[in-house]
Protein chains: 2
Amino acid sequence: MSLAYAILAFLAQEPARSGYDLAKQFAGSVGRFWQASHQQIYMELAHLREQGLVEVQVQPRDGQLEKKTYSLTPLGAEKLREWIGRPIEPSPFKDALMVKMYAGHLADPGEVLAEVRRHRARHIEWLSRLRERNRDMLCNTKLEQGQMFRYLTLRRGIRLEEEWVAWCDEVIALLQQP
Amino acid sequence: MSLAYAILAFLAQEPARSGYDLAKQFAGSVGRFWQASHQQIYMELAHLREQGLVEVQVQPRDGQLEKKTYSLTPLGAEKLREWIGRPIEPSPFKDALMVKMYAGHLADPGEVLAEVRRHRARHIEWLSRLRERNRDMLCNTKLEQGQMFRYLTLRRGIRLEEEWVAWCDEVIALLQQP
DNA sequence: TCTGCCATGTAAGTTGTTACATGATTAT
DNA sequence: ATAATCATGTAACAACTTACATGGCAGA
């Protein structure tokens with residue numbers, strides 16, 4: 001259900017995007033908040049089209065497969081606006097590392113510590129990339145209209161990664177002393 | 001796949017639990033890190049039993065439906081230990097509020113602000129409950145063996161909710177000034 | 001008597017993952 | 001040559017949700 005709205009949200013921000021473009025966005029920075037494989041995206045685009053929420057422009061390219069770019073229809077924009085206004089509960093999430101932690105005493109302490117260190121490194125990596133984007137966004141222009149909202153999602157990404165690193169540090173500190 | 005391990009992790013901590021007990025745990029505090037409906041749990045327990053990872057003790061109760069309690073088998077414990085030691089990537093997650101934020105400029109500003117305030121209230125609520133459990137855990141006993149690891153998952157829950165509240169505050173501050 | 005909790009499941013439908021399938025263009 | 005990127009899909013399978021189904025016991 002929500003994948004549909006995620007696609008509509010992307011198309012609202014930047015129209016005339018192909019399934020391939022969307023798949024890249026879902027795999028990139030935005031992918032920290034919503035993921036979808038290209039297979040899912042192509043299916044969903046076909047479905048959205050049937051419902052009249054997006055329209056497609058087929059661009060033939062000589063020799064190659066034709067490229068299809070999608071844009072919001074007025075109906076699609078309306079449905080999206082309606083969804084944004086509708087209250088929802090905070091999204092549940094699943095974290096396998098926490099399940100592992102819950103039964104961490106069963107495993108080798110060194111292995112658990114190593115796994116937490118690995119995760120910490122990964123989050124540090126993501127954090128530095130997000131901070132870069134944060135700098136870019138603040139330097140280039142004054143935040144207007146739509147940019148402001150995308151800036152706020154970026155802020156959340158940064159906070160989340162900072163939180164992860166802080167937790168990993170706490171775990172490492174506690175597990176290292178016997 | 002991971003639901004299986006989540007169930008094994010619960011049974012490792014406290015054996016002889018019924019599907020109903022597990023469903024309650026998944027719906028309760030632990031549910032912030034992993035969710036499963038009772039339907040899913042009953043199915044998965046049957047599957048785990050076929051594989052010989054859990055064993056069941058059927059307790060007849062006069063008049064009522066019999067109660068089935070499940071415990072880990074040695075094979076189940078081994079599989080769980082092996083899974084915990086196997087490195088994984090940080091779990092992806094999906095956050096519908098972030099998708100809404102991304103296209104927030106399309107909606108009524110008042111509605112967006114109200115939604116963020118609602119979410120903030122929810123997270124404050126969860127946070128206070130988690131902090132209570134934190135106090136209980138620290139006061140009652142010195143943390144030993146398995147408790148330590150469950151304490152660390154609780155710490156993560158608290159940090160996450162704090163992060164949520166801080167982000168909501170930032171959003172509210174930024175959206176209130178024109 | 002009615003609500004809520006205890007207790008267990010089946011079945012249909014939706015969503016998401018993995019595997020399979022193809023083929024041109026561009027950079028190393 | 002070989003790999004990576006562009007570009008689009010189908011099909012089988014696994015995971016998850018929603019609806020349906022049943023029935024006792026305890027307390028208001």
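Per chain, numbering begins at 1; letters A, B, ... match sequence-line order. In what follows, every heavy atom counts, from backbone to side chain, and hydrogens, waters and symmetry copies are set aside.
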Distance test, side-chain N/O of A/Q35 to OP1/OP2 of C/dG16, below 4.0 Å | no
Rounded to whole angstrom units, what separation is found between the CD atom of A/E44 and the C1' atom of C/dT17?
-> 15 Å
Does the side chain of A/Y42 get closer than 4.0 angstrom to OP1 or OP2 of D/dT8 through an N or O atom?
-> yes
Closer than 4.0 Å, any side-chain N/O of B/Y20 to the OP1 or OP2 of C/dT8?
-> no
Residue whose closest nucleotide on DNA chain C lies nearer the 5' end, A/S2 versus A/H38 | A/S2
On the 0 to 90° scale, with breaks at 30° and 60°, tag the A/H123-A/H119 ring pair as parallel, tilted or perpendicular.
-> tilted
Got a second to check how far A/W34's CH2 is from A/I7's CD1, nearest 0.5 Å?
-> 11.0 Å
Rounded distance in Å - CE (B/M43) to C1' (D/dA15) = 11 Å
Aromatic contact, B/F10 with B/F26 (centres under 6.0 Å) | yes
Looking only at side-chain atoms of A/Q39, point me to the closest of D/dT10, D/dA7, C/dT10.
-> D/dT10
Thinking salt bridges, do B/R86 and A/E115 make one under a 4.0 Å N-O criterion?
-> no
B/Q40 side chain, from C-beta outward: closest of C/dA7, D/dC16, C/dG9 = D/dC16
Are OP1 or OP2 of C/dC5 and a side-chain N or O of B/K24 less than 4.0 angstrom apart?
-> no
Counting only side-chain N and O atoms of A/K94, is one of them less than 4.0 Å from OP1 or OP2 of D/dC16?
-> yes
Identify which nucleotide among C/dT17, D/dT18, D/dG9 has an atom closest to any side-chain atom of B/S37, counting heavy atoms from C-beta outward.
-> D/dT18
